[in-house]
Chemist: 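Mind having a look at this structure? Questions to follow.
Every heavy atom of this structure was used, including side-chain atoms; hydrogens, water molecules and symmetry mates were not. Residue numbers begin at 1 in each chain, while the letters A, B, ... track the order of the sequences.
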Amino acid sequence: MDASLLAWLMVVLVLGSVIGYFVVWGVTPALHTPLMAVTNAISGIVVVAAILVAGPAIVGPESCTTLACTQATGLGFWQWAARVFGFLAVALCAVNIFGGFAITARMLAMYKPRSTPAANPERKAERKA
Amino acid sequence: MDASLLAWLMVVLVLGSVIGYFVVWGVTPALHTPLMAVTNAISGIVVVAAILVAGPAIVGPESCTTLACTQATGLGFWQWAARVFGFLAVALCAVNIFGGFAITARMLAMYKPRSTPAANPERKAERKA
Amino acid sequence: MNLLGPDLTLMLGLLAGVLCVVGLQGLSHPTTARRGNLCAMLGVGLAVVLALLHPSVQAYGWVLAGLAVGAAVGIPLARRTPLTALPQLVAMFHSLVGLAAGLVAVGMFMRHDVLDVLQTKETLEMGVGAAIGLITLTGSVLAALKLQGVVSGTPWRWVGRHWLNLGLAVGLVLMCAVFVATHSGWALALICLLALVLGVTVVAPIGGADMPVVVSMLNSYSGWAAAATGFMLEQPLLVLVGALVGVSGAILSYVMCHAMQRSFVSVILGGFGSAGTEAAAVGTTDGGKAPQLAGVEDVAYRLSEAERVIVVPGYGMAVAQAQHAVKSLMVTLGERHVEVLFAIHPVAGRMPGHMNVLLAEADIPYDMVLELDDVNPRFAEADVVLILGANDVVNPAAQTHKGSPIYGMPVLEAWHAKQVYVVKRSHRPGYAGVDNPLFTMDNCALVLGDAKDVVEKIGTALKAA
Amino acid sequence: MNLLGPDLTLMLGLLAGVLCVVGLQGLSHPTTARRGNLCAMLGVGLAVVLALLHPSVQAYGWVLAGLAVGAAVGIPLARRTPLTALPQLVAMFHSLVGLAAGLVAVGMFMRHDVLDVLQTKETLEMGVGAAIGLITLTGSVLAALKLQGVVSGTPWRWVGRHWLNLGLAVGLVLMCAVFVATHSGWALALICLLALVLGVTVVAPIGGADMPVVVSMLNSYSGWAAAATGFMLEQPLLVLVGALVGVSGAILSYVMCHAMQRSFVSVILGGFGSAGTEAAAVGTTDGGKAPQLAGVEDVAYRLSEAERVIVVPGYGMAVAQAQHAVKSLMVTLGERHVEVLFAIHPVAGRMPGHMNVLLAEADIPYDMVLELDDVNPRFAEADVVLILGANDVVNPAAQTHKGSPIYGMPVLEAWHAKQVYVVKRSHRPGYAGVDNPLFTMDNCALVLGDAKDVVEKIGTALKAA
Ligand SMILES: NC(=O)c1ccc[n+]([C@@H]2O[C@H](COP(=O)([O-])OP(=O)(O)OC[C@H]3O[C@@H](n4cnc5c(N)ncnc54)[C@H](OP(=O)(O)O)[C@@H]3O)[C@@H](O)[C@H]2O)c1
Ligand SMILES: NC(=O)c1ccc[n+]([C@@H]2O[C@H](COP(=O)([O-])OP(=O)(O)OC[C@H]3O[C@@H](n4cnc5c(N)ncnc54)[C@H](OP(=O)(O)O)[C@@H]3O)[C@@H](O)[C@H]2O)c1
């Protein structure tokens, strides 16, 4: 099998969607709001792409001997522009990731089970049974 | 990304296991017996491998100019043996597939909801409510 | 550094993706949810580390600076935002992902256009990524502004808006085709522009009350945008996680629309919750019988006599921020050995799980909070049902009035209880704009007033009794 | 023919895999189950077509002949086998998949060894595939023979069997290493031999009653064997579907062990349901109080007076083949307007869902059949509970006797009913070999006799009343 990378990515997309279907239907409705927050946070995974745009070194015209440069002018300008765009994208995604997980954690910390039996309002019913 | 085929197959194995986890826990306990029967049938998918063993043409020593034959003697014998093994494997898997799906269908045909309201034994309870 | 080969990178990326799945799976129960959140964090953290180890990445300073800036902005934001502003906050966050996806697509173009000969496949992915990302951006910003009330929540309707949107969408597809054909930067710029405009024109005609569905839909878009960048940069992890998020948003939109008995298309095209339908609905009021009214003392008395009480919170509780008052009432009742339960409808409030978060915020244990199917058989045994600013979700017309817009929607059958009290401020209808026959039933009485006010007063009266 | 490129093949294979998933998903409810089965058929069918279109396949005659032979054997087998023999049949089918996986591995070796230079990766996959496949083969055959009663179900225990198994397993791993290192056909032959022996020695010491867990485990193995051949032949579809089946079998084993409160390891190592433990358990009988006995007429009378009856079927109903008699009793009671429900414990009988299939076979609607959690609150309202050959699954000791081997197992709380009748043939204990305090409770009486006989007599007496 010598399938292309594109085809394998399609496989991942389809299997990922199937997994998403099952896992999301399994979420209890009581936690649908935290679900929105956490999926929001993990959609910040775009940071991976952002890092790959911000990170590469800026190459000079000399590299055009090996690369298929289309134009020699503005070579540095466009690379720097890409880096700035990448930097902004990294920052935006990071807001999402840190903010999203923090708010999810904040919400989830509030969900507590019945703890102190003294305050247990079903006591009366149980006593009767 | 130039990952190897083996790595992509690992991806499929892991994602497939995750999907299996979700889908099987979703099966209602009342249908666990049909589940055993149907997974049995689909494990007959090994037929794909069996076909690939039974199917290839038998090549003569002349092909050893292009192939990396390790031995010229017994070339035909071993290929024929492989074909017979493949044929047996195809037949065994086919028993599984046809038999497994047929028995699953037979079982599932028996699961029926309450149909005739005349025979509905909860009528009394409903009448009272 | 190229410490990891491509195979190892793929395997570790897979691990990161699976950690995210395990994280979401944790949300299947409150007891495992926190662990789930940690898992998801680990997954995304691993993804970041893998990206940093990518052989082409060299400008660590820029990347780390970006991460630091994001953390410095995001964490305080998450700490300080009041939970009531959550829908807006989530919408804002989506807009950031959308913008990031757009920036990535354009940045990729800038870099590769000068250094490589672009391939058709790449340009297609860039066009799609930029388009989805930037629609998400402006759509989410507008949704957030509507939810925050900065922009009026009333739908903006103009003649021919469906045609305008259609035209913009067709234009977008055409420009993508031009971009793929010519690889011209101008085409990409036009794609961006069209996408930005389309985000606004799609969301503007939708009423503020329908925003939760829109936010969920944009959540889905942000996931697909991530998947598109994954294709562009050949990162399977982005594709996997993007698909998870995309499906999640789609399912939540479906859940909301389904519980409201409306088609997704009708929500997105607008036309509900608008002034027009509301007037029509009010016009259909039979008005024959006026609802009974009750005072705070009546309620306190009945509660003091009761053995089993069920509280049904709704959107009004959120508006009045009455959850803490409700908690003290619960404690007071608990001291008197009254059994209290909470009944939550899947679409009570304005976003999925809205009431659950509010009750959790007020420290009400989640095992006292029951869902529709579990609680409906219990209403018959309840002595008092206290409805706090809920309306549509307890409307019996959903079961009886074939013509009603909410007909068929499963509802909380509060009317089976011995006595029902409804706390609301007026005789106005709820979100769906339809009359509620429950209010005129014999065993029901309205308690007019702000939910927080009324609940506090009931608590005081009960303590005095 | 090479009509399909590799990409298209991969996509279609993916579709086939997803169809199988959709098929299993259909089993989440009886109404969608038949459609699910069709989906799975489509998926496997598509897979066969894709394999036939593989460029290297030329000997269509052989392949089609193999398929035809399989269909000619499999379909009549599935049609004619009585449903009671289902566990055996399933075990036999597993052995076929195991053998097929073994044949594929050896066939691949034969062909490639003469035509190509084998790679390390390939030999590893061949070795693993052959080993898992052939363990599955002999293990399943022995399990089927034990279930069928051809071979005695009593565990064969010999001194040092754990050491023997360990030795065989270590030998197998070593031979795999040798095979990978030398690529020698003799090493592969030895792998096959060791695997065949290991299958027998692993299953032999396990008692007949534990066979369902073993069958499920072998189901899992057959899946992993399929996945291994998928790696060997570089077929993602085989890997995907193999993983599905492998996980399914593992989960079913887990479900059974969990519901029996036993560890999987203890089942596989044997030591339960053996003569030794049974004797010990009988020895612990307090024997203080003898259970009350009741006659068929008593039961018929109480039933005729009852409003709500719950029937709890167990392994004894399967042994007696009483399901059709139960169905007519149900109809008789229905005519008298008695509400009848069936309560099924997850491990009632001897395989998961055993009772459900039997009741379905007798045409009892599945919506009258309730599961543990749904039915337990209803026992208190039942006038009569009729226990047909069930024992462990209604044993209150699971909740009260800390030392009992079934302590902690969730059980059907039949004792809450007004009157309980237990139909069984003797005072012997059930599968777990423990005493059942239910039988000596005041509201319980035994009706001794074969379940089918007794139920038929009750029906006759009831008609006469
Ligand atoms: N949860 C979701 O995901 C979601 C998403 C989109 C749409 N929706 C829709 O939202 C609705 C939710 O139903 P619901 O029953 O929760 O709410 P509702 O039907 O909108 O009714 C809310 C009620 O609360 C009262 N109220 C408002 N402010 C109040 C205050 N401060 N104090 C006391 N009462 C107050 C209102 O009456 P007064 O004005 O007389 O006080 C109104 O009748 C459903 O129609 C659902 O389809 C839900
Ligand atoms: N379902 C699964 O997946 C599975 C798998 C493995 C193990 N198990 C185990 O199997 C047990 C199942 O519990 P269970 O309550 O269904 O069965 P059980 O505890 O094995 O009891 C069966 C009862 O049926 C009686 N019986 C046998 N033949 C009969 C006949 N012809 N007529 C009337 N009565 C008859 C037996 O008593 P007499 O001999 O006195 O008649 C026995 O007490 C559990 O311990 C479970 O852990 C289940």
Side-chain angles (χ1 to χ4, degrees), chain B residues 9 12-13 16-17 20-21 23-24 26-27 29-33 35-36 39-40 42-43 45-46 48-57 67-68 75 78 81-82 85-96 98-99 101-105 108 110-114 119 121-122 124-125, chain D residues 20 24-25 27-28 30 33-34 37 41 47 51 56-59 62-63 66-67 69-71 73-75 77-78 90 93 96-97 100-101 103-104 107 110-111 114-115 117 222 226 229 233 236 239-241 243-245 247-248 251 334 337 339-340 346 352-353 356-357 360-361 365-367:
Chain B
L9 290 175
V12 172
L13 183 75
S17 301
Y21 175 88
V23 81
V24 172
V27 172
L31 293 177
H32 273 167
T33 301
L35 173 67
M36 289 180 76
T39 51
N40 194 210
I42 66 176
S43 69
I45 196 94
V46 175
V48 170
I51 290 175
L52 297 183
V53 172
L67 293 170
L75 208 58
W78 288 115
F85 272 45
F87 166 77
L88 287 176
V90 170
L92 292 171
C93 290
V95 172
N96 232 292
F98 288 100
F101 280 125
I103 198 136
T104 311
L108 290 178
M110 299 183 322
Y111 285 79
K112 293 192 199 78
R114 241 173 286 199
E122 273 205 341
K124 193 176 173 183
Chain D
C20 289
L24 293 184
Q25 161 72 358
L27 292 182
S28 58
R34 256 154 289 173
N37 197 33
M41 281 186 210
S56 80
V57 173
Q58 320 229 313
W62 284 81
V63 172
L67 291 173
V69 169
V73 174
I75 294 179
L77 207 61
V90 170
F93 279 156
L96 303 185
V97 176
L103 288 174
V104 165
M110 288 172 170
R111 191 178 163 80
V114 291
L115 292 180
V117 176
S222 71
T229 54
L233 287 149
V239 176
L240 178 61
V241 174
L244 286 180
V245 175
V247 169
S248 166
I251 290 180
H337 304 310
E339 177 192 324
V340 185
N356 302 80
V357 193
E361 189 194 357
Y366 59 75
D367 39 12

Chemist: Who among Ser17(B), Ala30(B), Ala105(B) has the most heavy-atom pairs with chain D under 4.5 Å?
Modeler: Ala30(B)
Chemist: Quick check for you: among Leu77(D), Val73(D), Leu240(D), Val245(D), which has the greatest number of heavy-atom pairs under 4.5 Å with chain B?
Modeler: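 Option with the greatest count: Val245(D).
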Chemist: Please name the pair of heavy atoms, one in Leu52(B) and one in Ser56(D), separated by the smallest distance, quoted to 0.1 Å.
Modeler: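 For Leu52(B) and Ser56(D), the tightest heavy-atom pair comes out as CD2-OG, 4.5 Å.
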Chemist: With side chain to side chain contact (heavy atoms under 4.5 Å, CB included) as the test, pick out the partner of Val23(B) among Val247(D), Ile251(D), Leu24(D), Leu27(D).
Modeler: Leu24(D)
Chemist: Looking at Gly66(D), Ala51(D), Ala33(D), which has the largest count of heavy-atom pairs under 4.5 Å with chain B?
Modeler: Gly66(D)
Chemist: Where does the angle between the aromatic ring planes of Tyr366(D) and Tyr111(B) fall among parallel (under 30°), tilted (30 to 60°) and perpendicular (over 60°)?
Modeler: tilted
Chemist: Top residue by heavy-atom pair count (under 4.5 Å) with chain D, among Thr104(B), Val53(B), Ile45(B), Leu88(B)?
Modeler: Ile45(B)
Chemist: For chain D, which of Val95(B), Val12(B), Val24(B) has the most heavy-atom pairs under 4.5 Å?
Modeler: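 Among the listed options, the one with the most contacts to chain D is Val95(B).
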Chemist: Name the option with the most non-hydrogen atom pairs under 4.5 Å to chain D; the candidates are Asn96(B), Val48(B), Leu13(B).
Modeler: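 Result: the option with the highest number of such pairs is Asn96(B).
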Chemist: Roughly how far, to the nearest 0.5 Å, is CD1 of Ile103(B) from CZ of Phe98(B)?
Modeler: 15.5 Å
Chemist: I'd like to verify something: which residue of Ala49(B), Ala102(B), Gly16(B) has the highest number of heavy-atom pairs under 4.5 Å with chain D?
Modeler: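 Of Ala49(B), Ala102(B), Gly16(B), Ala49(B) has the most heavy-atom pairs under 4.5 Å with chain D.
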Chemist: So which of Gly20(B), Pro56(B), Ala54(B) has the largest heavy-atom pair count under 4.5 angstrom toward chain D?
Modeler: Pro56(B)
Chemist: Restricting to non-hydrogen atoms, name the atom on Val97(D) and the atom on Ser43(B) that form the minimum distance, rounded to 0.1 Å.
Modeler: CG2-OG, 3.4 Å
Chemist: Counting heavy-atom pairs under 4.5 Å with chain B, which one of Ser248(D), Ala226(D), Pro346(D) comes out on top?
Modeler: Ser248(D)
Chemist: Where do Val90(B) and Ile51(B) come nearest, in terms of heavy atoms and distance?
Modeler: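 The answer is CG2-N, 3.8 Å.
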Chemist: Do you know which of Ser222(D), Ala71(D), Ala101(D) has the most heavy-atom pairs under 4.5 Å to chain B?
Modeler: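 It is Ala71(D).
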Chemist: Identify the heavy atoms of Val104(D) and Ala89(B) that sit nearest to each other, and give their distance.
Modeler: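 Scanning both residues, the minimum pair turns out to be CG2-CB, 4.0 Å.
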